[in-house]
There are 2 protein chains.
Amino acid sequence: MGAVEKRTKTFRAGPVRIRVTTDDAAARPKERLTRERIVDAAMDLMAEKGYDGVSMRSLARALDTGQASLYAHVANKEELDQLVIDRICSELDVPEPDPENWAEQLKQVLRDCLELYRAHPGTARAAMGMIPTQEGGLRIAEGMLAICIRGGVSPQAAAWFCDIAALFVCAVAYEEQIWTQRMVDGAGHDDLHEFHEDVDGQLMAAFGQLPADRFPFVTGYARELTAGDGDERLEFGLDLLVSGLEAASERYRDR
Amino acid sequence: MGAVEKRTKTFRAGPVRIRVTTDDAAARPKERLTRERIVDAAMDLMAEKGYDGVSMRSLARALDTGQASLYAHVANKEELDQLVIDRICSELDVPEPDPENWAEQLKQVLRDCLELYRAHPGTARAAMGMIPTQEGGLRIAEGMLAICIRGGVSPQAAAWFCDIAALFVCAVAYEEQIWTQRMVDGAGHDDLHEFHEDVDGQLMAAFGQLPADRFPFVTGYARELTAGDGDERLEFGLDLLVSGLEAASERYRDR
DNA sequence: ACCTGAACACCGTTCAAGT
DNA sequence: ACCTGAACACCGTTCAAGT
């Protein structure tokens with residue numbers, strides 16, 4: 001359950017001192033609902049059950065309140081998602097721009113973003129299609145823009161790059177989380193790495209067995225199509241985007 | 001509703017001949033359900049009401065049957081989504097590889113993909129995180145791989161590029177469709193273009209009004225951050241990816 | 001073989017009524 | 001001011017029963 005619910009209480013029973021952690025509803029003076037508590041509980045629930053595990057109802061249940069009570073603090077589920085994303089964004093540190101080293105700095109921020117999504121399963125789904133308008137998200141946007149522009153990238157290229165790169169990382173994380181969720185639901189596996197290898201193996205076999213006359217390249221390069229884990233694919237994508245940006249920055253020099 | 005439901009019928013009432021188009025259930029010899037009819041109806045419904053407008057129940061209603069009947073032809077909603085995506089994929093023509101011109105050919109295929117998503121609102125959401133395993137999707141993967149490899153791109157770079165570029169286009173389309181859906185739901189606007197300009201305007205104002213000391217770059221480049229429509233941003237992204245690929249192909253020469 | 005009604009276990013959101 | 005129960009209008013999926 002939520003981090004806020006646990007309290008310790010000490011009883012005296014003759015010579016014995018009993019110290020218990022209570023988390024049953026009856027025992028505590030019901031804490032007031034706040035946005036903070038709601039977001040805390042949503043993050044716990046999301047980490048445990050994935051994006052679809054967080055409903056206004058399950059969240060109310062976790063907070064031991066009625067679902068309607070949540071709407072006194074949060075406009076709707078979309079706003080809740082925004083608050084959750086903003087919270088995780090605020091965990092990320094963006095470095096001071098080092099103009100000599102902008103390309104590597106950008107890559108590192110984007111790698112950190114993926115790690116952040118990974119640390120909080122379900123969040124990538126919530127972040128898809130979200131524009132940063134809150135403190136946390138804006139800080140990251142500010143930091144990435146700063147790295148680009150202090151590094152000499154033209155403003156228009158920098159702005160579009162930040163947008164596109166963030167979208168890309170989010171999409172990679174979302175795909176990963178879909179597969180992770182599929183594993184959790186399907187059970188049968190408890191090792192994620194092993195599961196991925198299984199999927200890749202089956203996929204490679206499937207590609208390899210297609211009619212070779214109509215799909216010569218898919219069958220011929222089945223190995224390459226299924227190669228690499230999430231990190232390798234992210235790294236490849238970051239290489240494309242960043243080395244592309246170095247080139248594009250020239251073309252957009254005047255914008 | 002679906003294209004299949006309308007029939008004309010002629011009655012004789014004394015001297016008058018009445019010709020009606022019936023689409024009420026009672027009048028027609030109920031057509032058998034098939035996968036084809038189900039996918040047809042799902043596409044119509046999705047175009048009209050977006051991704052969330054297609055539920056197994058609303059779909060059954062549109063087909064004038066019970067929701068359980070659908071499960072005789074389609075394993076679950078996920079399979080339905082796959083069939084819909086595969087159907088739209090089969091609308092796309094992939095060109096014969098022209099090795100001199102591989103970069104432009106790739107961009108054109110990816111532009112066509114975005115057009116396809118746009119022509120069928122709601123599909124990008126369904127396609128997110130989907131691996132092509134059916135005829136239609138595989139054809140596109142085959143075609144893109146062929147263009148890359150015949151153009152001299154190393155196999156591993158080609159394979160990862162196809163994956164990443166498809167993900168990118170899908171994510172761009174998904175973001176667009178979220179905004180479009182938001183407009184449809186919110187009503188008040190009936191011109192999509194005007195709506196986008198409104199959103200961009202408000203966003204630019206919001207960015208511009210942030211505390212300039214903490215967000216110097218976001219406030220300073222508010223115009224660039226909100227500039228450009230979907231096409232310009234896609235084009236920029238394709239430039240990054242494809243020019244990045246030309247560079248990466250060298251580094252992966254041996255793989 | 002194919003289809004159906006009814007059920008099960010869920011959603012997000014609203015609102016009059018309570019403390 | 002804050003919280004609640006109950007309702008409204010939905011979901012995906014299953015299954016015994018019908019034709």
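When reading the values below, keep in mind they use all heavy atoms of this one structure, side chains included, and skip hydrogens, waters and symmetry mates. As the structure is a prediction and not an experimental result, all values here were calculated from the model. Per chain, numbering begins at 1; letters A, B, ... match sequence-line order.
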Enquirer: Going by the rule side-chain hydrogen bond (donor to acceptor under 3.5 Å, both in side chains), which residues pair with Ser69(A) if we only count those two or more places apart in sequence or in a different chain?
Expert: Thr65(A)
Enquirer: To the nearest Å, give me how far apart CG (Leu70(B)) and C1' (dC11(D)) are.
Expert: 14 Å
Enquirer: Applying side-chain hydrogen bond (donor to acceptor under 3.5 Å, both in side chains), name anything that partners Thr180(B), two or more places apart in sequence or on another chain.
Expert: none
Enquirer: Answer yes or no: is there an ion pair linking Asp231(A) with Arg118(A), defined by an N-O contact shorter than 4.0 Å?
Expert: yes
Enquirer: Is a side-chain N or O of Glu142(B) found less than 3.5 angstrom from the main chain of Val218(A), in a donor-acceptor match?
Expert: yes
Enquirer: Should the pair Arg87(A)-Asp40(A) be classified as a salt bridge under the 4.0 Å nitrogen-to-oxygen rule?
Expert: yes
Enquirer: May I ask you to decide whether Arg35(A) forms a salt bridge with Glu79(A), counting only side-chain N to carboxylate O separations under 4.0 Å?
Expert: yes
Enquirer: Quick one: side chains of residues 125-135 of chain B, donor-acceptor pairs under 3.5 Å with protein atoms, not counting sequence neighbours, listed by atom name and distance.
Expert:
unit_1	atom_1	unit_2	atom_2	d
Glu135(B)	OE1	Arg214(A)	NH2	2.7
Glu135(B)	OE2	Arg214(A)	NH2	2.5

Enquirer: State whether His73(A) places a side-chain N or O below 4.0 Å from either non-bridging phosphate oxygen (OP1 or OP2) of dC2(D).
Expert: no
Enquirer: Please name all residues satisfying side-chain hydrogen bond (donor to acceptor under 3.5 Å, both in side chains) with Asn76(A), sequence neighbours left out, ordered by chain then number.
Expert: none
Enquirer: Only stems of 3 or more consecutive Watson-Crick or G-U pairs count here, both distances under 3.5 Å; name the ones for DNA chain D, or none.
Expert: C:4-8 with D:12-16, C:12-16 with D:4-8
Enquirer: In this structure, how many angstroms lie between the P atom of dC11(D) and the CG atom of Leu59(B), rounded?
Expert: 11 Å
Enquirer: Would you indicate, yes or no, if dC10(C) has its OP1 or OP2 atom less than 4.0 angstrom from a side-chain nitrogen or oxygen of Ser55(A)?
Expert: no
Enquirer: Send over the distance from Asp52(A) CG to dG12(C) C1', rounded to a whole Å.
Expert: 13 Å
Enquirer: Mark up nucleotides 13-19 of chain C, 5' to 3', with B wherever a protein heavy atom is under 4.0 angstrom from a base atom, S wherever such an atom reaches only the sugar-phosphate, and - elsewhere.
Expert: BBB----
Enquirer: Under 4.0 Å between a side-chain N or O of Thr65(B) and OP1 or OP2 of dC3(C)?
Expert: no
